[in-house]
Amino acid sequence: MTDKQWDQLLKVIAGELVKPLPVGFIIDSPWLPGWSGITILDYYTSERMWLEANFKVVQRFPEVIFLPGFWSEFGMCTEPAAWGARCIWPEDEFPFAERVIHDWSEVHRKKKPNCKTDGLCPFVVKRLLHRQEMIEREGHAIRFAVSRGPMNIASFLVGHTELMEGVKTHPTEVETLLRIVTDFVTEWLQYQAALFPSIGGMLVLDDLIGFLGEADFCRFALPYFKQIGHCLDFPVKILHNDCYGKITAKYLREMGFNVFNFSYEHTLPAMREWAGSEVVLLGNIPPRDVLALGSPEQVKESVREAIASLADHRRLILSCGGGMPPNVPTINVDAFCEAVAEASATLSG
């Protein structure tokens, strides 16, 4: 992310009406390797190919704020690997981390990993350290500490279905696991921030919280996300949850997050009502059915409808409802940006 883009992001968070309206996408291995013409496994295993892919996208779309920007990651294996998960690496499919807890009685024997030495965490930071000078030479900086959230990580450790069932059948063990994972996430974010002084934001991704009712959310999500959201004194704190997001939105400010990327199934006006006026909305075009599979004109129409649905366009970054999905073509990203620029020209203020 360039200094200009970072300043633009800070202005949006402060409530200034930025024109043209900013465009931002969360991009990582589901989209970037295929778009840049390499396999997912090449993207993970080659620092050169990873860097070239990231340079290619920021040069092709210089007007877009890519979040978190030069994301050093290994898919959903990034954090579970630190817990000893067996990671499976197909050539051009998403990797998968196998569960490590097969009985709730095992939870009490689990210890918090060391984010400086365990699993893939050292590889994440070393890639950035090795390429930091080249990134900065091109006018960009490493701006974000990034982690999956505690329920997301826990779901890989114990199983997705098993975690959700455990909320009802083994709540004490679930809380024990979430407490350990939350301490790990907190240290992991703080470690990244300590290594890179240019970091001024955090991005936390957790879809599992969207499956919780409000009472369970307050018990199994809120206290842990409050710890994470307040662990660094940063001006930019992004939470991604593209499952059901009404309950999450209600507690964003209490958790300490001020930017929300949410499901396309929630309209911008509804999310504004739920999240309040102080939260930046990052959305909200259907990612697969429109951005990936739609025509350029369908993309433009969806963007126009989203912008027209709001009377107040402050604290808004146009995006899709979730991360950038696989197979989004260049012409659709261009159409998205063109529609935003055209609509922005008619906005007052």
Side-chain angles (χ1 to χ4, degrees), residues 5 8-9 11-13 15 17-28 30-31 61 63-69 71 144 149 201-207 209-210 236-253 255 257-294 298-326 328 332-333 335-341 343-344 347:
Q5 290 173 326
Q8 185 181 43
L9 187 55
K11 288 179 180 178
V12 173
I13 289 173
L17 180 61
V18 175
K19 294 179 62 178
L21 293 173
V23 174
F25 294 110
I26 295 176
I27 61 166
D28 57 345
W31 177 69
F61 304 106
E63 71 276 31
V64 175
I65 300 173
F66 288 113
L67 299 165
W71 188 355
F144 283 87
M202 69 164 70
L203 168 63
V204 179
L205 308 97
D206 200 317
D207 298 331
I209 58 176
V236 184
K237 297 181 181 181
I238 304 175
L239 179 62
H240 160 93
N241 165 28
D242 58 5
C243 289
Y244 186 70
K246 181 178 181 179
I247 296 170
T248 305
K250 180 179 177 180
Y251 293 96
L252 282 169
R253 283 171 289 174
M255 293 189 293
F257 292 89
N258 56 10
V259 182
F260 189 34
N261 179 234
F262 51 96
S263 169
Y264 74 95
E265 294 181 336
H266 301 310
T267 65
L268 286 170
M271 187 53 66
R272 174 57 73 209
E273 178 183 353
W274 300 333
S277 61
E278 296 178 6
V279 172
V280 174
L281 304 184
L282 178 63
N284 193 34
I285 308 307
R288 184 193 64 184
D289 294 344
V290 174
L291 192 56
L293 301 178
Q298 287 173 319
V299 172
K300 286 188 173 184
E301 181 59 26
S302 187
V303 170
R304 288 192 288 261
E305 290 176 357
I307 294 175
S309 71
L310 288 174
D312 186 347
H313 297 90
R314 294 172 297 172
R315 294 194 171 98
L316 173 66
I317 301 173
L318 274 299
S319 185
C320 53
M324 184 81 90
V328 174
N332 281 6
V333 181
F336 191 107
C337 296
E338 290 167 9
V340 173
S344 298
L347 299 179

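- Contact of the Leu67 side chain with the Ile27 side chain is not registered, since no non-hydrogen atoms from C-beta on lie closer than 4.5 Å.
- The shortest distance between side-chain heavy atoms of Leu316 and Val12 does not fall below 4.5 Å.
- Remark: side-chain polar atoms of Ser302 are not paired, donor with acceptor, to backbone N or O of Gln298 under 3.5 angstrom.
- Atom CD in Glu338 sits 10.5 Å away from atom CG in Asn332 (nearest 0.5 Å).
- Here the side chain of Ser319 pairs a donor or acceptor atom with the backbone of Gly24 at under 3.5 angstrom.
- In this structure, CG in Leu291 is found 5.5 Å from SG in Cys320, a value given to the nearest 0.5 Å.
- The shortest heavy-atom contact between Met324 and Pro30 is O-CB, 4.3 Å.
- Without hydrogens or angle criteria, Trp31 side chain to Val328 main chain gives a donor-acceptor distance under 3.5 Å.
- Residues Glu63 and Gln5 share a closest heavy-atom pair of C-NE2, 4.5 Å.
- Closest approach of Gly149 to Val204, counting heavy atoms only: CA-CG1, 3.8 Å.
- Side-chain atoms of Leu9 and Val236, non-hydrogen and from C-beta on, do get closer than 4.5 Å to each other.
- For the pair Val259 and Val279, the minimum side-chain heavy-atom distance is 4.5 Å or more.
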*Show your working on side-chain contact (heavy atoms from CB on, under 4.5 Å) between Lys250 and Lys246 and close with a plain yes or no.*
CA-CA 6 Å; Lys250 180 179 177 180; Lys246 181 178 181 179; over 6 Å; no

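- Ring to ring, Phe25 and Phe61 are not that close: their centroids are 6.0 angstrom or more apart.
- How far OH of Tyr251 is from CD1 of Ile209: 12.5 Å, rounded to the nearest 0.5 Å.
- Salt-bridge formation is not detected for the pair Arg315/Glu278: no Lys NZ or Arg NE/NH1/NH2 atom is positioned less than 4.0 Å from an Asp or Glu carboxylate oxygen.
- Put simply, the side chain of His240 reaches to within 4.5 Å of the side chain of Ile26, judged on heavy atoms.
- Taking each heavy atom of Pro68 and Leu203 in turn, the nearest pair found is CD-CD2, 3.8 Å.
- The CE atom of Met271 sits 12.0 Å away from the CG atom of Leu310 when rounded to the nearest 0.5 Å.
- With a 4.5 Å cut-off on side-chain heavy atoms, Leu239 and Asn261 do not count as touching.
- Cys337 has its side chain within reach of Val64: a pair of non-hydrogen atoms, C-beta onward, lies under 4.5 Å apart.
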_side-chain contact (heavy atoms from CB on, under 4.5 Å) between Asn241 and Asp206, intermediate numbers included_ = CA-CA 5 Å; Asn241 165 28; Asp206 200 317; 6.0 Å; no

*Test side-chain contact (heavy atoms from CB on, under 4.5 Å) on Ile247 and Trp274 and set out the steps.*
CA-CA 8 Å; Ile247 296 170; Trp274 300 333; over 6 Å; no

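- For Phe257 against Met202, the heavy-atom pair with the smallest separation is CE2-SD, 4.0 Å.
- Rounding to the nearest 0.5 angstrom, the gap separating the CG atom in Leu21 from the CD atom in Gln8 is 9.5 Å.
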*Would Thr248 and Phe260 satisfy side-chain contact (heavy atoms from CB on, under 4.5 Å), going step by step from the backbone distance to the final call?*
CA-CA 9 Å; Thr248 305; Phe260 189 34; 3.9 Å; yes

Under 3.5 Å, which donor-acceptor pairs do the side chains of residues 280-290 form with other protein atoms, sequence neighbours left out?
| residue | atom | partner | partner atom | Å |
| --- | --- | --- | --- | --- |
| Asn284 | OD1 | Tyr264 | N | 3.4 |
| Asn284 | ND2 | Ser263 | O | 3.4 |
| Asn284 | ND2 | His266 | O | 2.2 |

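- Looking at heavy atoms from C-beta onward, Leu17 lies in side-chain contact with His313 at the 4.5 angstrom threshold.
- At least one donor-acceptor pair closer than 3.5 Å links the side chain of Arg272 to the backbone N or O of Gly276.
- Looking only at distances, a side-chain donor or acceptor of Asn258 sits under 3.5 Å from a matching main-chain atom of Lys237.
- Considering all non-hydrogen atoms of both residues, Leu318 and Ala306 come closest at CD1-CB, 4.5 Å.
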